Engineer: 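Quick one: structure below, then a few questions.
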Number of protein chains: 2
Amino acid sequence: MSIDLLGPEPIYRQIAAVIAQRIEDGTYGPRRAIPSEAALCAEFDVSRNTVRAALRVLAEQGLIVSVMGRGTFVKGDGQAAANE
Amino acid sequence: MSIDLLGPEPIYRQIAAVIAQRIEDGTYGPRRAIPSEAALCAEFDVSRNTVRAALRVLAEQGLIVSVMGRGTFVKGDGQAAANE
DNA sequence: GGAAATTTGTTCGTATGTATA
DNA sequence: TTATACATACGAACAAATTTC
């Protein structure tokens with residue numbers, strides 16, 4: 001779950017995998033916000049673009065939803081996330 | 001004006017020619033922004049680098065001007081584009 | 001209500017690595 | 001070796017929506 005700067009796996013995919021794992025294990029609960037892009041930049045020590053690339057992967061997988069001005073939320077199974 | 005993946009003409013030059021044509025025929029008007037690099041990537045189904053190579057050609061010809069964070073603009077004959 | 005800070009969205013600038021012809 | 005093309009990654013600037021004070 002640590003990030004391997006070398007190796008064939010792109011950083012943004014590794015970060016996506018880490019976040020997906022946290023969603024799966026409940027670290028980031030359904031309908032709850034995950035850390036801001038800025039916070040993720042700081043944690044993984046990567047640029048915002050790279051964080052956003054990771055989040056894009058997760059959004060395409062339907063795991064998260066981002067809302068301008070609010071944050072990025074884990075999609076609860078029951079749909080309708082981030083409407084609170 | 002379609003893109004020929006084979007043939008001797010590089011893709012980026014073909015794309016540059018298409019955009020130049022659109023500027024000439026008024027599809028992209030003077031002092032107006034042309035589609036973003038991302039939009040052009042999608043339209044021509046090429047990488048951003050290839051789009052940027054095409055835009056570089058047009059910029060060298062003085063047809064367009066790119067501004068970070070804003071977009072890429074057609075140079076009106078009267079100069080002073082993208083200052084609005 | 002308003003200003004400032006926060007947060008995501010969009011866009012261009014630059015650099016590096018890989019692959020192919 | 002050079003030119004072309006794609007993927008990745010970091011920087012920077014600005015816009016839009018929301019939250020906080």
Side-chain angles (χ1 to χ4, degrees), chain A residues 2-19 23 28 31-75 80-84, chain B residues 2-19 23 28 31-75 80-84:
Chain A
S2 57
I3 303 301
D4 175 20
L5 286 312
L6 315 179
E9 190 72 352
I11 295 173
Y12 77 92
R13 289 192 182 279
Q14 296 181 53
I15 293 175
V18 170
I19 296 173
I23 292 174
Y28 301 149
R31 294 156 172 273
R32 291 276 300 166
I34 71 175
S36 71
E37 294 177 357
L40 295 171
C41 290
E43 174 181 354
F44 295 107
D45 194 29
V46 297
S47 74
R48 190 182 160 209
N49 283 348
T50 300
V51 164
R52 285 178 61 77
L55 296 181
R56 177 179 51 73
V57 169
L58 299 174
E60 286 171 352
Q61 294 176 354
L63 282 176
I64 62 173
V65 161
S66 293
V67 183
M68 193 190 296
R70 298 245 284 136
T72 300
F73 300 84
V74 179
K75 268 195 186 174
N83 295 339
E84 307 170 12
Chain B
S2 58
I3 303 302
D4 175 19
L5 285 314
L6 315 179
E9 189 73 350
I11 295 173
Y12 76 94
R13 288 190 183 279
Q14 296 181 53
I15 293 176
V18 171
I19 296 174
I23 292 173
Y28 302 149
R31 295 155 172 274
R32 293 274 303 166
I34 70 175
S36 71
E37 295 178 354
L40 295 171
C41 290
E43 173 183 353
F44 295 107
D45 194 29
V46 296
S47 75
R48 188 183 163 211
N49 284 347
T50 300
V51 165
R52 284 176 61 76
L55 297 181
R56 178 179 50 73
V57 169
L58 299 174
E60 286 170 352
Q61 294 176 353
L63 281 177
I64 62 172
V65 161
S66 294
V67 183
M68 191 191 297
R70 299 245 284 133
T72 300
F73 301 84
V74 179
K75 268 195 185 175
N83 296 339
E84 306 168 11

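Note that the structure is a prediction, hence the values are computed from the model and not measured. Throughout, protein chains are lettered first and strands after them, A, B, ... in sequence-line order, and every chain is numbered starting at 1.
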Engineer: Not counting sequence neighbours, list each pair that qualifies as a salt bridge (Lys or Arg N to Asp or Glu O under 4.0 Å) and has a residue in residues 8-19 of chain A.
Structural biologist: none
Engineer: Are side-chain heavy atoms of A/F44 and A/V18 found at a separation under 4.5 Å?
Structural biologist: yes
Engineer: Rounded to the nearest angstrom, tell me the gap between atom CG in B/L40 and atom C1' in D/dA5.
Structural biologist: 16 Å
Engineer: To the nearest Å, how far apart are B/E9 CD and D/dA5 C1'?
Structural biologist: 15 Å
Engineer: Could you grab the distance from atom CD of A/E43 to atom CD1 of A/I19, nearest 0.5 Å is fine?
Structural biologist: 8.0 Å
Engineer: Rounded to the Å, how far apart are A/E37 CD and D/dA16 C1'?
Structural biologist: 14 Å
Engineer: Reading DNA chain C 5' to 3', which nucleotide is the first, and which the last, to come under 4.0 Å of any heavy atom in chain B?
Structural biologist: C/dT11 to C/dA15
Engineer: Determine all donor-acceptor pairs shorter than 3.5 Å in which one atom belongs to a side chain in residues 33-40 of chain B; sequence neighbours excluded.
Structural biologist:
from  : atom 1 : to    : atom 2 : distance (Å)
B/S36 : OG     : B/A38 : N      : 3.4
B/S36 : OG     : B/A39 : N      : 3.0
B/E37 : OE1    : B/R48 : NE     : 2.7
B/E37 : OE1    : B/R48 : NH2    : 3.1
B/E37 : OE2    : B/R52 : NH1    : 2.9

Engineer: Let me know, please, whether B/M68 or A/R56 comes out on the 5' side of the other along DNA chain D by nearest nucleotide.
Structural biologist: A/R56
Engineer: Going by heavy atoms closer than 4.0 Å, what residues in residues 46-55 of chain B are next to DNA chain C?
Structural biologist: B/R48, B/N49, B/R52
Engineer: Give every donor-acceptor pair under 3.5 Å between a side-chain atom in residues 53-66 of chain B and any protein atom, sequence neighbours left out.
Structural biologist:
from  : atom 1 : to    : atom 2 : distance (Å)
B/R56 : NH1    : B/E60 : OE2    : 3.4
B/S66 : OG     : B/T72 : OG1    : 2.9

Engineer: Does a side-chain N or O of A/Y12 approach OP1 or OP2 of D/dA9 to a distance below 4.0 Å, or not?
Structural biologist: no
Engineer: Could I get the full list of side-chain hydrogen bond (donor to acceptor under 3.5 Å, both in side chains) partners for B/Y12, not counting sequence neighbours?
Structural biologist: none
Engineer: Measure from CD on A/Q14 to C1' on D/dA9 and round the result to the nearest Å.
Structural biologist: 13 Å
